Amino acid sequence: MAVGDDLKRAAGFAAVDRYVRAGTCIGLGTGTTAHWAIVRVGERVAAGEEIVAVPTSEATAALCRELRIPLAAFGARAIDVAIDGADEVAADWSLTKGGGGAMFREKAVALAARTFVVIVTPEKLVDRLGAFPTPVEVVPYALPYVEREIATHLGATIARRGGETPYVTDNGNALLDCAFGLIADPVGLDRALRDIHGVVATGLFASSLTAAVIVAAPDGVRELQKPELD
Ligand code: 5RP
């Protein structure tokens with residue numbers, strides 16, 4: 001196991017054991033923390049439980065197939081619970097996601113799920129979002145236009161993911177990593193970005209999406225108390 005994997009494993013296992021019952025349709029996230037939730041679901045399926053998964057990426061779908069976890073297409077079934085990692089969790093539970101490039105499908109699944117559970121290690125907890133650049137998925141044709149609009153009107157420093165070898169999302173799109181500095185209004189920024197023609201999705205997740213945050217630290221696994229929002 002890589003350094004820190006024991007904590008990611010603890011978070012993933014705890015989320016599945018707390019939120020997944022036999023008969024559940026589960027949305028499964030993408031990344032090194034979500035990996036362990038998938039492994040735990042695989043163990044429970046192998047033990048005979050009926051669990052169906054909606055994957056948020058081709059990588060997650062491949063791991064599910066390897067572990068013989070039955071898959072459902074997005075939209076084919078109601079999703080009881082979705083479990084996923086995050087790059088940043090703010091004090092109000094808004095999130096930055098998309099470090100693994102899967103945020104369009106991750107947001108689709110989180111929006112559709114009755115309960116969206118976020119699993120992280122403590123370094124992901126921040127007061128406000130923004131130290132981690134915001135991933136923005138863009139239709140390749142519109143890339144130079146979108147880049148200019150974001151830089152000119154929203155004041156970000158922008159890097160094309162992959163550089164010389166452009167990163168391609170599961171949806172066939174490009175990714176821009178946009179540094180805005182600390183973000184005062186993630187919902188407003190998400191909307192402003194999506195108003196630019198060619199932007200498909202952003203990695204900013206509204207705080208209202210998150211139902212639970214599970215944090216695995218060296219001294220144990222805990223569930224954060226829901227913040228009081230104005
Ligand atoms: C993928 C994501 C991941 O959930 C996020 O990047 C966290 O990944 P990890 O658990 O590997 O740190 O949003 O698009």
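Side chains are part of it too, since the values below use all heavy atoms of this structure and drop only hydrogens, waters and symmetry mates. Just so it is clear, the structure is predicted and the values come from calculations on it, not from any experiment. Atoms within a ligand are numbered from 1 in the order they appear, just like the ligands themselves.
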* Sole residue of Leu224, Leu7, Leu125 in side-chain contact (heavy atoms from CB on, under 4.5 Å) with Val120 -> Leu125
* Would you please write out the protein residues whose heavy atoms approach any atom of ligand 1 to under 4.0 angstrom, listed by chain and number? => Thr30, Gly31, Thr32, Thr33, Asp84, Gly85, Ala86, Asp87, Lys97, Gly98, Gly99, Gly100, Gly101, Ala102, Glu106, Lys124
Name every donor-acceptor pair, under 3.5 Å, that has one atom in a side chain of residues 69-80 and the other anywhere in the protein, sequence neighbours excluded.
unit_1 : atom_1 : unit_2 : atom_2 : d
Asp80  : OD1    : Arg114 : NH1    : 2.6
Asp80  : OD2    : Cys25  : N      : 2.7

* Donor-acceptor under 3.5 Å (Asp92 side chain, Ser207 main chain) -> no
* Please examine the side chains of Ser94 and Leu204, heavy atoms only from C-beta on, and report whether any two atoms are closer than 4.5 Å. => no
Contacts table for residues 83-90: side-chain donor-acceptor under 3.5 angstrom, sequence neighbours left out:
unit_1 : atom_1 : unit_2 : atom_2 : d
Asp84  : OD1    : Thr30  : N      : 3.2
Asp84  : OD1    : Lys97  : NZ     : 3.4
Asp84  : OD2    : Lys97  : NZ     : 3.1
Asp87  : OD2    : Gly98  : N      : 3.3
Asp87  : OD2    : Gly99  : N      : 2.8
Glu88  : OE1    : Thr96  : OG1    : 2.8
Glu88  : OE1    : Gly130 : N      : 3.0
Glu88  : OE2    : Ala131 : N      : 3.1
Glu88  : OE2    : Phe132 : N      : 2.9

* Glu149: side-chain hydrogen bond (donor to acceptor under 3.5 Å, both in side chains) partners, not counting sequence neighbours -> none
